[in-house]
Amino acid sequence: MIAVLKPNASPERVEHLIHWLKEQGLGVHVSQGEFQTVLGLIGNTAKVDMEMIQSLDIVESVTRVSDPFKAVNRQFHPDSSEIQAGSAAIGRGHFALIAGPCSVETEEQIIYVAQQVKAAGAHFLRGGAFKPRTSPYDFQGLGAEGIRLLLEAKKATGLPIVTELMDIRNLDLFEEVDVIQVGARNTQNFDMLKELGKTKKPILLKRGLAGTIKELLMSAEYIMANGNEDVILCERGIRTYESTYTRNTLDLSAIPVLKKLTHLPVVVDPSHATGHADLVEPMAMAAVAAGADGLMIEVHNDPPHALCDGAQSLTPEAFAATAKKLFRIREAMEP
């Protein structure tokens, strides 16, 4: 249920209404916009008398929300959200480039790549410390040592870092990580999502391998329902009939759909979506044109010898050239 308050509603009356609603056993999400305040009511709203609330002189309108996702719903939060992480922001007009290697391999590698992507305009450094791999014999990442090296790269460049959490038991290792990534395989690990909802860190939530848009939003709802409102959604391609020429199928239509349904920022990962370095730039440009709030792009100093996903990684030089085009598209889209 959503209650839109009148612009002249006094803070005291608003607080009194919120207190009363909470006494009814409801969660109240307050969205303070430039021109109006919206109260999103979460819980068993069937017992709430809509007509009684509507009759209050500080209430403009009351409507029920049929969607199962509430906190992530744009009806609850009409203005787009801005997520702050370290020195960077994403959403509400802030466009973010997240770049770096699939896996952290050495200190020299991660610091060099971090310096190069920052020089090209990246706002965040990504890098895998814990790697989910289909084969148990493939490189699984450096673990805690990988996080330590990411933090060294952060010290050297100032870039906030994004890295994936695979096991909630390792959460204490992520204390200095700026954005915790939930990978496609853990999108519906609901116990993990609940625990991440209790943290104060931004969460970058990737769409599942065959997940629907609704399922992605419900996963975000798990995080937000447990108290963490700093969620970034990531379209990273889904599994379809095509598997020969692209690794996955990048669903660009998900961008405007998500922007319509939710206030959360939406980023796109064209590297995992396509699996081929030569496809990353055109898909990245298309994603920007479709309205993405950011991009996550894999960059490696020596792709042919990368320990993970070298085929889809750009060189620093190629990333710099791509970034210039992306920023030009962004400029062209400005009103």
Please list, chain by chain and in numerical order, all residues satisfying salt bridge (charged side-chain N to carboxylate O under 4.0 Å, His left out) with [X], sequence neighbours excluded.
X      : result
Arg330 : none
Lys70  : none
Glu164 : none

What distance do [X] atom [atom1] and [Y] atom [atom2] have between them, rounded to the nearest 0.5 Å?
X      : Y      : atom1 : atom2 : answer
Ser10  : Leu5   : OG    : CG    : 10.0 Å
Ile161 : Leu150 : CD1   : CG    : 5.0 Å
Arg236 : Asn248 : CZ    : CG    : 4.5 Å
Met285 : Thr322 : CE    : OG1   : 7.5 Å
Gln181 : Asn186 : CD    : CG    : 10.5 Å

Does [X] reach the side chain of [Y], with side-chain heavy atoms less than 4.5 Å apart?
X      : Y      : answer
Val59  : Leu17  : yes
Ile213 : Arg207 : yes
Leu204 : Met296 : yes

side-chain contact (heavy atoms from CB on, under 4.5 Å) between Leu39 and Ile18, intermediate numbers included: CA-CA 8 Å; Leu39 304 182; Ile18 292 173; 4.1 Å; yes

Donor-acceptor contact below 3.5 Å, side chain [X] vs main chain [Y]:
X      : Y      : answer
Asp269 : Gly237 : no
Ser219 : Thr187 : yes
Glu235 : Ala273 : no
Gln84  : Gly86  : yes
Ser80  : Gly91  : no
Asp293 : Val266 : yes

With sequence neighbours left out, which residue pairs that include part of residues 17-26 fulfil the salt bridge (charged side-chain N to carboxylate O under 4.0 Å, His left out) condition? none

By the salt bridge (charged side-chain N to carboxylate O under 4.0 Å, His left out) test, which pairs, at least two apart or in different chains, include something from residues 6-18? Arg13-Asp57

Gln54: what forms a side chain to side chain donor-acceptor pair (under 3.5 Å) with it, not counting sequence neighbours? none

Going by the rule side chain to side chain donor-acceptor pair (under 3.5 Å), which residues pair with Asp67 if we only count those two or more places apart in sequence or in a different chain? Asn73

With a sphere of 6.0 Å drawn around [atom1] of [X], does it hold more than 12 non-hydrogen atoms of other residues, nucleotides or ligands?
X      : atom1 : answer
Glu242 : CD    : yes
Arg64  : CZ    : yes
Glu145 : CD    : yes

What is the minimum heavy-atom distance between [X] and [Y], and which atoms define it?
X      : Y      : result
Cys308 : Glu105 : N-OE2, 4.5 Å
Pro265 : Val231 : CD-O, 3.5 Å
Met1   : Thr45  : CE-O, 3.9 Å

Taking the six-membered ring for Trp, are His263 and His77 parallel (under 30°), tilted (30 to 60°) or perpendicular (over 60°)? parallel

Assess the residue pair Val268 and Leu250 against the criterion (side-chain contact (heavy atoms from CB on, under 4.5 Å)); give the C-alpha distance rounded to whole Å, side-chain angles, the decisive distance to 0.1 Å, and a yes or no. CA-CA 9 Å; Val268 172; Leu250 180 57; 3.7 Å; yes

Under the side chain to side chain contact (heavy atoms under 4.5 Å, CB included) test, which residues partner [X], sequence neighbours left out?
X      : answer
Thr274 : Leu279, Val280, Met283
Phe124 : Ala85, Ala88, Ala96, Ile98, Pro160, Val162, Val179
Asp309 : Cys102, Arg247, His272, Glu298, Gln312
Thr262 : Val72, Leu217, Leu233, Leu258, Leu264

Is there a side-chain contact (heavy atoms from CB on, under 4.5 Å) between Ile147 and Phe130? Walk through the geometry before answering. CA-CA 9 Å; Ile147 292 182; Phe130 296 90; 3.9 Å; yes

Let me see the working for Thr249 and Tyr241 under side-chain contact (heavy atoms from CB on, under 4.5 Å), right down to the final yes or no. CA-CA 9 Å; Thr249 298; Tyr241 293 107; over 6 Å; no

SB check Glu152 Lys155 (cutoff 4.0 Å): yes

The complete set of side-chain hydrogen bond (donor to acceptor under 3.5 Å, both in side chains) pairs with one or both residues in residues 115-133, sequence neighbours excluded, reads none

